[in-house]
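For reference, the structure is listed below as structure tokens.
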Number of protein chains: 2
Amino acid sequence: MNIGDVSARSGLPVKTIRYYEDIGLISPLRDTNGYRSFREREAHMLSFLGRARALGFTIEDCRTLLALYNDETRASADVKMVAREHLDRIEAKMADLKAMHDTLSHLVRACAGDDRPDCPILEDLGRTAPN
Amino acid sequence: MNIGDVSARSGLPVKTIRYYEDIGLISPLRDTNGYRSFREREAHMLSFLGRARALGFTIEDCRTLLALYNDETRASADVKMVAREHLDRIEAKMADLKAMHDTLSHLVRACAGDDRPDCPILEDLGRTAPN
DNA sequence: ATGTGGCCTCCAGTTACTGGAGGGTCAAGG
DNA sequence: CCTTGACCCTCCAGTAACTGGAGGCCACAT
């Protein structure tokens with residue numbers, strides 16, 4: 001399979017696949033013409049990567065997960081730990097976003113949004129921090 | 001005021017303040033010894049920036065908001081639009097995170113997390129995409 | 001004089017790609 | 001046989017918003 005084929009199958013852009021090779025996530029063979037030659041194994045790994053990335057795992061997490069995936073003697077506890085830590089990061093980020101959202105939606109609602117300059121949003125941003 | 005003073009007042013790291021000068025958000029004067037010399041105006045702008053960044057606005061948004069803040073003839077509608085668009089981005093990101101969270105927390109719960117290799121997390125990641 | 005801390009500039013690295021330039025390769029149509 | 005268009009290749013640079021570090025000046029207290 002050429003890179004275009006695995007791109008279509010995995011949903012990953014061609015550029016991204018080349019990048020994944022650069023950073024050592026996959027190691028496809030090369031044809032005599034220099035084209036990357038993907039086996040089923042790599043096509044499968046790319047789908048794995050695409051799904052893991054879609055769940056928000058970092059590239060380093062993906063590297064770890066891929067190693068565990070290929071290790072028949074893994075302990076599921078190791079996988080679970082990686083996932084759990086990622087879940088914690090997601091939850092932290094959701095909490096951050098929720099706080100921003102609450103503040104901001106409140107301010108947006110309070111702003112008239114007309115042609116006058118008075119604006120509670122700017123007032124809030126410009127108010128001296130409470131020390 | 002030296003950079004350390006405005007850093008303490010705004011809560012922004014010294015490095016960040018220098019960076020903000022680099023990209024033209026602030027333009028402090030210089031003392032004869034080369035030190036940046038901040039006036040109240042800049043200290044205030046830095047607090048503004050800190051708050052806007054804490055609400056997740058991008059630097060470019062901050063640039064726009066700062067310009068509006070300094071423009072007595074602004075229309076609050078312009079401010080509101082910037083904020084509303086940012087709120088939309090936040091909501092989109094929250095939805096993305098929630099989807100990740102739902103999938104991942106389900107998988108984490110399903111994983112035994114013991115010393116055996118069987119793992120629903122890896123099974124999910126490794127399953128061929130449904131085409 | 002010396003030590004400590006604050007300040008300076010410039011360079012490089014971070015994350016995970018993405019775009020583009022410049023240039024080979026392959027299969028089909030004329 | 002040649003050309004055309006779709007692929008493929010490498011290498012370089014840029015993105016967002018900083019952050020860390022090297023190397024070195026400046027100010028003030030001892």
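A, B, ... follow the sequence lines: proteins, then strands. Residue 1 opens every chain. Computed from heavy atoms alone, side chains included, the values below leave out hydrogens, waters and symmetry copies.
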Would you give a per-nucleotide map of nucleotides 19-24 of chain D, 5' to 3', where B means the base has a protein non-hydrogen atom under 4.0 Å away, S means only the sugar-phosphate does, and - means neither?
SBB---
Think B:Arg53 has a side-chain N or O under 4.0 angstrom from the OP1 or OP2 of D:dC18?
yes
Name the nucleic acid region contacted by A:Tyr20, choosing base, sugar-phosphate or nothing; use a 4.0 angstrom heavy-atom cut-off, strictly under.
sugar-phosphate
Determine: side-chain N/O of A:Asn33 to OP1/OP2 of D:dC9, distance under 4.0 Å, yes or no.
no
Output yes when a side-chain donor or acceptor of B:His44 lies under 3.5 Å from a complementary backbone atom of A:Gly126, and no otherwise.
yes
Rounding to an integer number of Å, can you tell me how far B:Tyr35 OH sits from C:dG5 P?
14 Å
Would you indicate what B:Ile3 reaches in the nucleic acid, counting non-hydrogen atoms under 4.0 angstrom: base, sugar-phosphate, or nothing?
sugar-phosphate
Side-chain donor or acceptor of A:His86 paired with backbone N/O of A:Asp61 under 3.5 Å
no
Within the structure provided, determine whether B:Leu25 and B:Tyr19 are in side-chain contact (heavy-atom separation under 4.5 Å).
no
Per the side-chain contact (heavy atoms from CB on, under 4.5 Å) rule, which among A:Ile121, A:Leu122, A:Asp118, A:Asp124 passes with A:Cys111?
A:Ile121
Taking five pairs at each end, how big is the angle between the two axes of the helix from C:dA1-D:dT30 to C:dG30-D:dC1, to 10°?
30°
Rounded to whole Å, the CZ-P distance (B:Arg30 to C:dC7) equals 12 Å
In whole angstrom, give the distance that lies between atom CG of A:Asp31 and atom P of C:dT25.
13 Å
Hey, does A:Arg36 reach any base, or is it just sugar-phosphate, or nothing, if we go heavy atoms under 4.0 Å?
sugar-phosphate
Would you say the side-chain atoms of B:Asp31 pair up with the backbone N or O of B:Asn33, donor to acceptor, closer than 3.5 Å?
no
In whole Å, I'd like the distance from the CD1 atom of A:Ile17 to the P atom of D:dC7.
14 Å
From CD of A:Glu21 over to C1' of C:dC17, roughly how many Å is that when rounded to an integer?
16 Å
Closest heavy-atom pair, B:Leu55 versus A:Met100, reported as atoms and distance to 0.1 Å, is O-SD, 3.4 Å
Nearest whole Å is fine: how far is C:dA16 P from A:Leu49 CG?
12 Å
Quick note, salt bridge (charged side-chain N to carboxylate O under 4.0 Å, His left out) partners involving residues 73-82 of chain B, not counting sequence neighbours, are none
What integer distance in Å separates B:Phe57:CZ from D:dA17:P?
13 Å
